[in-house]
Amino acid sequence: ATAFNSVAPFHQMHSLSQPIMHLLQEPTTVRENVLSWLQKSLSTREGGATVDTEGLFKVVDGLVYDGYEAAWEQNQSDPRVATVLGTLRKDRGDLLGARQLLHRAMTLAPTDIEAAVNYGSLLGHTAGQTDASLEDDWCAAKAAFLQAVVLAPSSKTNAELLSFAGQQCDKHKAETHRQGQFFDGGGFFVVVLVVAAVGFLFLMGRGLMGDKEQGKTESGARRSKKQR
């Protein structure tokens, strides 16, 4: 999602120096958020100068996220901001928001291979986890990877991604078609009739059992009268 590595710019695998180096390429709102916090923290005893590394990254991650949200509000035509913010939203469990932003990034930068791959990959990794069907997710992923292949025909990786997404798209499309044929061909009514028949037999069985029990009761009553 960044200009260099297509991932969110701050996480615990980075060295402590890398977030500061990254700030040079980040939007103004991100730089202001992080640097103002660092300045305030380093000037106070309770601030960031004494926090552990894990705590530092959590704080910086939150500041970066807020900065990208603000940057997107200011300018919704920057595909890089859309991509990074989409990645950050995905990491926070907002799959729908992430999809919308990564799709927007691909639309804003139709010649950017990474934008197409990022969107297709997100759809593949989260297929079936939103209101969209598996067919819709995989076929949209196929379209994204196809765009990446058109932009870079020699990429073997993109071709493999396209092939896999295409197989999944065709598979789920065929399943949807079979289900449609089943209901269109009267399969639904067959199921209803079978259920009705089973229910009828069940009720008949209970009725017969009831008749038997009633017969036993009447027979016992007659024997009791004779004994008297």
Side-chain angles (χ1 to χ4, degrees), residues 1-15 17-27 30 57 60-61 64-65 67-69 71-72 75-177:
T2 68
F4 300 105
N5 53 23
S6 296
V7 298
F10 300 103
H11 54 72
Q12 295 185 35
M13 290 186 292
H14 285 159
S15 66
S17 61
Q18 195 163 357
I20 304 302
M21 295 170 61
H22 261 297
L23 285 175
L24 298 175
Q25 290 88 38
E26 300 304 324
V30 176
F57 276 114
V60 172
D61 178 70
V64 169
Y65 178 75
Y68 269 102
E69 286 284 6
W72 183 245
N75 180 14
Q76 297 190 1
S77 61
D78 188 333
R80 181 173 174 275
V81 172
T83 304
V84 177
L85 183 56
T87 303
L88 293 172
R89 285 186 179 180
K90 175 183 71 69
D91 293 340
R92 284 161 171 75
D94 182 8
L95 299 183
L96 182 59
R99 289 181 176 205
Q100 292 172 342
L101 282 167
L102 290 180
H103 182 262
R104 176 65 174 159
M106 188 176 72
T107 303
L108 290 169
T111 60
D112 185 348
I113 300 172
E114 292 301 322
V117 172
N118 284 337
Y119 181 57
S121 298
L122 176 65
L123 290 172
H125 287 137
T126 61
Q129 297 181 35
T130 67
D131 292 337
S133 66
L134 285 168
E135 177 188 344
D136 290 341
D137 284 346
W138 281 112
C139 291
K142 174 185 175 182
F145 291 133
L146 177 60
Q147 183 169 326
V149 168
V150 169
L151 293 170
S154 61
S155 173
K156 183 179 179 180
T157 300
N158 290 343
E160 292 173 349
L161 291 171
L162 173 61
S163 175
F164 181 77
Q167 292 171 10
Q168 295 299 314
C169 172
D170 294 341
K171 171 187 173 182
H172 293 292
K173 188 177 292 185
E175 290 177 356
T176 301
H177 181 66

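Basis for what follows: all heavy atoms, side chains included, without hydrogens, waters or symmetry-related copies.
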What distance separates [X] [atom1] from [Y] [atom2], expressed to the nearest 0.5 Å?
X	Y	atom1	atom2	value
Q76	L101	CD	CG	8.5 Å
L85	Q100	CG	CD	11.0 Å
D131	L96	CG	CG	7.5 Å
K142	F164	NZ	CZ	13.5 Å
L162	T157	CG	OG1	12.5 Å
E114	L151	CD	CG	11.0 Å

State, to 0.1 Å, how close [X] and [Y] come at their nearest heavy-atom pair, and which atoms those are.
X	Y	result
P27	V81	CG-CG2, 3.9 Å
Q147	P110	NE2-O, 3.0 Å
A105	P79	CB-O, 3.5 Å
G97	D94	N-OD1, 3.0 Å
I113	A148	CG2-CB, 4.2 Å

Could you tell me whether a side-chain N or O of [X] sits under 3.5 Å from a main-chain N or O of [Y], the two making a donor and an acceptor?
X	Y	answer
E135	C169	no
T126	Q129	no
D137	L123	no

**Study point:** F145/W138 under ring-ring contact (aromatic ring centres under 6.0 Å, His included): CA gap, chis, key distance, verdict
**Key:** CA-CA 10 Å; F145 291 133; W138 281 112; 8.3 Å; no

Review point. Does a donor on one side chain and an acceptor on the other come within less than 3.5 Å for N118 and S121?
Key: no

Point to revise | T83-R104 side chain donor-acceptor pair, cut-off 3.5 Å | key: no

Check your understanding: Could R89 and E69 be called an ion pair, given the rule that one side-chain N must be under 4.0 Å from one carboxylate O?
Key -> yes

Exercise for review: Please report the C-alpha distance between K173 and C139 in whole Å, then the side-chain angles of each, then the deciding distance to 0.1 Å, and finally whether the side chain to side chain contact (heavy atoms under 4.5 Å, CB included) criterion is met.
Suggested key: CA-CA 9 Å; K173 188 177 292 185; C139 291; 4.0 Å; yes

Practice item. List the steps and the verdict of side chain to side chain contact (heavy atoms under 4.5 Å, CB included) for Y65 and R92. Key: CA-CA 10 Å; Y65 178 75; R92 284 161 171 75; 3.5 Å; yes

Review point. With a 4.5 Å heavy-atom cut-off, do L88 and V64 have their side chains touching?
Key: yes

Exercise for review: Any chance you could lay out the side chain to side chain contact (heavy atoms under 4.5 Å, CB included) test for Q168 and L134, step after step, and finish with the verdict?
Suggested key: CA-CA 9 Å; Q168 295 299 314; L134 285 168; over 6 Å; no

Practice item. Just do the side chain to side chain contact (heavy atoms under 4.5 Å, CB included) check on R99 and H103 with the steps written out, would you? Key: CA-CA 6 Å; R99 289 181 176 205; H103 182 262; over 6 Å; no

